Amino acid sequence: MGDREGVEEQRVDMWAAGDAYDRYMGRWSRPVAGGFVTWLDAGAGLRWLDVGCGTGALAATVAARCRPRAVVGVDRSVGFVASAGAAAPEPARFVVADALALPVHDQAYDLAVSGLALNFLPDPAAAVVEAARAVRCGGTVAAYVWDYAGGMGFLRAFWEAAVQVDPSAAIQDESRRFRLCRPDPLRALWVRAGLEDVAVAPIEVATVFAGFPDLWEPFLAGQGPAPAYVASLAPGLRDRLRDTLGRAVPTRSDGSIALTARAWAVRGRRPGGTALGRAPG
Ligand SMILES: C[S@@+](CC[C@H](N)C(=O)[O-])C[C@H]1O[C@@H](n2cnc3c(N)ncnc32)[C@H](O)[C@@H]1O
């Protein structure tokens with residue numbers, strides 16, 4: 001058995017342990033959720049559906065900042081839904097369900113949104129159509145995904161280091177797996193779903209790590225593609241990856257590492273009806 005412990009190609013995206021996910025990605029998905037709701041500028045008193053809600057970063061942001069009438073988060077992970085429910089501010093609530101078969105009536109929501117999840121769904125195009133079914137005419141369907149190809153600094157550095165020590169990692173590099181996560185493919189997906197007034201915008205957040213352990217240790221927690229890849233490595237190769245990554249990232253004199261992470265956000269309006277306006281506050 002070699003360095004990879006017999007694993008030829010591992011593409012298991014683990015979504016189960018909410019606390020581990022939050023240490024790895026949830027801490028960055030919360031600020032990007034904030035940028036996203038600012039960009040939507042949707043106003044108060046609306047009904048929101050959060051598809052692929054995970055541990056609830058976006059739904060909690062909506063509940064805290066948008067004065068919604070209702071917020072329902074939907075995710076297939078029982079563990080993540082439990083974490084989301086344990087920390088949810090009113091009126092957010094969470095249910096276990098598949099994004100491709102949402103357990104909601106037609107046109108029951110004003111907005112269907114999704115954070116960092118679209119590229120992990122088995123059929124993103126069908127998921128956008130399903131989300132559009134859930135919103136009223138004139139309602140909004142919107143999402144954001146990481147810019148894996150260039151703008152997501154610590155993941156870019158991670159996969160470049162991984163390919164350096166293990167060329168077979170290239171096939172798992174999220175920039176290669178998730179070609180949807182660029183402005184043109186996202187716009188095309190929304191247009192093909194019949195949505196109108198489609199717009200795409202970048203959302204950038206600072207990702208500052210206290211030191212290299214703060215950046216590296218969440219990769220050992222097993223949640224998501226890069227940590228799942230790390231879990232597949234034998235200890236020797238894992239150590240080489242850690243050291244290569246440690247040398248590659250820019251470390252400041254106080255030991256901290258300041259990178260940025262960019263997401264692409266997309267939104268469109270379901271035809272007919274009246275567009276979302278700012279409800280009287
Ligand atoms: C990267 S996480 C994003 C979670 C959260 N929205 C955030 O911003 O932190 C991707 C999520 O997609 C969910 N997911 C994957 N396939 C799904 C499906 N078919 N239906 C619903 N959720 C799904 C996973 O369980 C996971 O919670």
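Along the sequence shown, residues are numbered consecutively beginning with 1. Model, not experiment: these values are computed from the prediction.
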Does [X] use its side chain to pair, donor to acceptor, with the backbone of [Y] at less than 3.5 Å?
X	Y	value
R156	Y148	yes
W28	A206	no
Q107	C137	yes
S256	R252	no
R47	A108	yes
R270	A132	yes
T55	F80	no

- Message: Please determine whether a side-chain nitrogen of the Lys or Arg among R176 and D173 lies less than 4.0 Å from a carboxylate oxygen of the Asp or Glu.
- Response: no
- Are D197 and R267 within salt-bridge range, i.e. N to O under 4.0 Å? no
Indicate if [X] and [Y] have the same hydrophobic cluster label, given that clusters are the connected sets of ILVMFWY residues with side-chain heavy-atom separations under 4.5 angstrom.
X	Y	value
I203	L180	no
V163	L245	no
V191	L195	yes
L100	V141	no
V74	L58	no

State, with a plain yes or no, whether a side-chain heavy atom of [X] is found less than 4.5 Å away from one of [Y].
X	Y	result
L215	F158	no
F209	V249	no
V266	V145	no
L155	M25	yes
L46	Y109	no
V72	F94	no
D110	V135	no
L186	L118	yes

- Message: Can you confirm whether D184 is buried at CG, in the sense that more than 12 heavy atoms of other residues, nucleotides or ligands lie under 6.0 Å from that atom?
- Response: no
- Message: Would you say CZ of R262 has more than 12 non-hydrogen atoms from neighbouring residues, nucleotides or ligands within 6.0 angstrom?
- Response: yes
Which heavy-atom pair separates [X] from [Y] by the least distance, and what is that distance?
X	Y	result
W190	A143	CH2-CB, 3.7 Å
G115	D50	N-OD1, 4.3 Å
C53	G73	SG-C, 3.5 Å
T207	A261	CG2-CB, 3.8 Å
L189	P124	CD2-CB, 4.1 Å
A142	F36	CB-CZ, 3.6 Å

As an exercise, state the distance from [atom1] of [X] to [atom2] of [Y], rounded to the nearest 0.5 Å.
X	Y	atom1	atom2	result
F212	R242	CZ	CZ	7.5 Å
E160	S175	CD	OG	8.5 Å
Y229	W159	OH	CH2	7.0 Å

- Message: Test salt bridge (Lys or Arg N to Asp or Glu O under 4.0 Å) on D147 and R182; report intermediate values, then the result.
- Response: CA-CA 7 Å; D147 175 10; R182 301 289 301 160; 3.0 Å; yes
- Task: Check the pair V205, T260 against side-chain contact (heavy atoms from CB on, under 4.5 Å), reporting the backbone distance first and the verdict last.
- Result: CA-CA 6 Å; V205 296; T260 56; over 6 Å; no
- Restricting to pairs with a member in residues 230-266, which pass ring pair (Phe, Tyr, Trp, His ring centres under 6.0 Å), not counting sequence neighbours? none
- Partner set under salt bridge (charged side-chain N to carboxylate O under 4.0 Å, His left out) for D106, not counting sequence neighbours: R133
- Task: Begin from the C-alpha positions of L220 and R238 and carry the test side-chain contact (heavy atoms from CB on, under 4.5 Å) through to its verdict.
- Result: CA-CA 10 Å; L220 305 178; R238 192 176 311 159; 4.2 Å; yes
- Message: Tell me whether the rings of F178 and F120 are parallel (<30°), tilted (30 to 60°) or perpendicular (>60°).
- Response: perpendicular
- Query: Is it true that the side chains of D75 and S77 contain a donor and an acceptor less than 3.5 Å apart?
  - Reply: no
- Query: Which of these, L111, L102, V71, V113, sits in a side chain to side chain contact (heavy atoms under 4.5 Å, CB included) with L49?
  - Reply: L102
- Task: Starting from the C-alpha separation in whole Å, work towards a yes-or-no answer on side chain to side chain donor-acceptor pair (under 3.5 Å) for R65 and T61.
- Result: CA-CA 6 Å; R65 290 187 35 184; T61 300; over 6 Å; no
- Query: Mind checking what makes side chain to side chain donor-acceptor pair (under 3.5 Å) contact with R27, not counting sequence neighbours?
  - Reply: D214
- Item | Candidate pair W216 and F154, rule side-chain contact (heavy atoms from CB on, under 4.5 Å), full reasoning | CA-CA 10 Å; W216 171 250; F154 73 87; over 6 Å; no
- Message: For a side-chain contact (heavy atoms from CB on, under 4.5 Å) check, start with the C-alpha distance between D243 and V165, then their side-chain angles and the critical distance, and finish with the verdict.
- Response: CA-CA 10 Å; D243 295 346; V165 300; over 6 Å; no
